[in-house]
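Single-structure report; data block below.
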Amino acid sequence: MSMPDKAFPVSWDQFHRDARALAWRIAGMQHEWRAMVAITRGGLVPAAIICRELGIRLIETVCIASYHDYTEQGKLQILKGVGASLLENEGEGVLIVDDLTDTGKTAAMVREMMPRAHFATVYAKPLGRPMVDTFITEVSQDTWIYFPWDMGFSYQEPISKGHRG
Ligand SMILES: O=P(O)(O)OC[C@H]1O[C@H](OP(=O)(O)OP(=O)(O)O)[C@H](O)[C@@H]1O
Ligand SMILES: [Mg+2]
């Protein structure tokens, strides 16, 4: 995969707002969640915001490593799954959270573990969209989302000089 053409930088403020919007949408489903599963590492950030909003206190992780070299997706590797109790009833009543779905491969792998869980991401690209139940903002496949935890302050080229942001 080459570097996507477009950039979608997200600030902490915006991420908090978007994660809260996702919490509002899920709250509207009026479902009793028995646990939340955060997909590490990116899913830990929205998970923290959403479990606070929804009052969920049982938080588990699925630890997956996939993007080993910036935009180059390596083979997906499950480093850790969830405890047996969450797998009961195919994950019914479990809320799975990730920051985004891109190709949908990560979501597909976790869905396989808990087919009846609800899968929510803050952002979704078209290829991953069919793999998630709920998301807030769709960005095009040729866009790279820059999350605030990956960023630092740096000089920005003016748009007229070819700046892509
Ligand atoms: O839909 P996909 O193409 O599978 O991509 C989406 C996944 O990629 C990123 O995680 P990454 O594997 O980079 O690890 P991280 O969360 O530890 O940063 C992101 O947080 C999603 O989990
Ligand atoms: Mg991730």
Side-chain angles (χ1 to χ4, degrees), residues 1-23 25-26 33 35-54 56 58-83 86-87 90-91 94-154 164-165:
M1 185 164 71
S2 58
M3 190 61 200
D5 290 344
K6 298 173 197 148
F8 183 80
V10 180
S11 68
W12 282 111
D13 255 19
Q14 187 178 344
F15 191 83
H16 194 184
R17 248 195 311 273
D18 289 343
R20 261 215 181 119
L22 183 57
R25 191 160 298 170
I26 294 164
W33 304 104
M36 174 181 283
V37 170
I39 303 180
T40 70
R41 296 158 303 175
L44 290 166
V45 186
I49 297 164
I50 294 164
C51 68
R52 185 262 180 190
E53 297 301 335
L54 302 184
I56 301 171
L58 185 59
I59 323 292
E60 254 272 33
T61 54
V62 168
C63 302
I64 294 194
S66 70
Y67 284 80
H68 300 300
D69 183 18
Y70 203 33
T71 62
E72 235 22 79
Q73 188 175 27
K75 210 169 127 46
L76 287 181
Q77 224 187 323
I78 298 184
L79 306 174
K80 179 198 153 291
V82 295
L86 266 63
L87 299 175
E90 300 193 321
V94 173
L95 177 62
I96 304 171
V97 174
D98 206 350
D99 51 358
L100 86 144
T101 179
D102 186 322
T103 62
K105 287 182 191 165
T106 303
M109 200 167 234
V110 180
R111 262 197 180 288
E112 225 171 85
M113 298 176 196
M114 292 167 283
R116 295 176 70 186
H118 189 94
F119 206 112
T121 61
V122 183
Y123 305 109
K125 299 188 191 180
L127 279 175
R129 200 181 152 157
M131 295 311 304
V132 302
D133 299 301
T134 309
F135 65 92
I136 291 300
T137 301
E138 179 166 350
V139 303
S140 60
Q141 205 67 44
D142 61 350
T143 296
W144 189 258
I145 302 170
Y146 289 92
F147 288 112
W149 51 89
D150 287 331
M151 308 292 284
F153 283 113
S154 65
R164 300 183 316 149

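For ligands, and for the atoms within them, numbers begin at 1 and follow the listed sequence. One-based numbering along the sequence shown. All figures in this text were calculated on a predicted structure; none of them were measured in a lab.
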Looking at [X], which atoms of ligand 1 are within less than 4.0 Å of one of its heavy atoms?
X	result
Leu100	6 (C), 19 (C), 21 (C)
Gly42	15 (P), 16 (O)
Lys105	1 (O), 4 (O)
Asp99	19 (C), 20 (O), 21 (C)
Thr101	1 (O)

- [ ] Kindly give the heavy-atom pair with the smallest separation between Ala19 and Ile50, and that separation in Å.
- [x] O-CG1, 3.6 Å
- [ ] Return the set of residues passing side-chain contact (heavy atoms from CB on, under 4.5 Å) with Val45 (not counting sequence neighbours), or none when no residue passes.
- [x] Trp12, Phe15, Trp149
Task: Per atom 3 (O) of ligand 1, closest listed option by heavy atom (Thr103, Val122, Leu76, Asp150) - done: Thr103
Task: Candidate with minimal heavy-atom separation from atom 21 (C) of ligand 1, of Asp98, Thr106, Val132 - done: Asp98
- [ ] Compute whether any side-chain donor of one residue and acceptor of the other, for Ser11 and Asp13, lie under 3.5 angstrom apart.
- [x] no
Just list the side-chain donor-acceptor pairs under 3.5 Å for residues 124-132, sequence neighbours left out, or say none.
from, atom 1, to, atom 2, distance (Å)
Lys125, NZ, Asp102, OD2, 2.9
Lys125, NZ, Thr143, O, 2.6
Arg129, NH1, Glu138, OE1, 2.4

Task: Side-chain touch Met113/Val37, heavy atoms, less than 4.5 angstrom - done: no
Open item on the list: Measuring only between side-chain heavy atoms, which start at C-beta, is Val10 closer than 4.5 Å to Pro148?
Closed with: yes
Open item on the list: Is there a polar contact, in the sense of an N or O pair closer than 3.5 Å, between Gly104 and ligand 1?
Closed with: yes
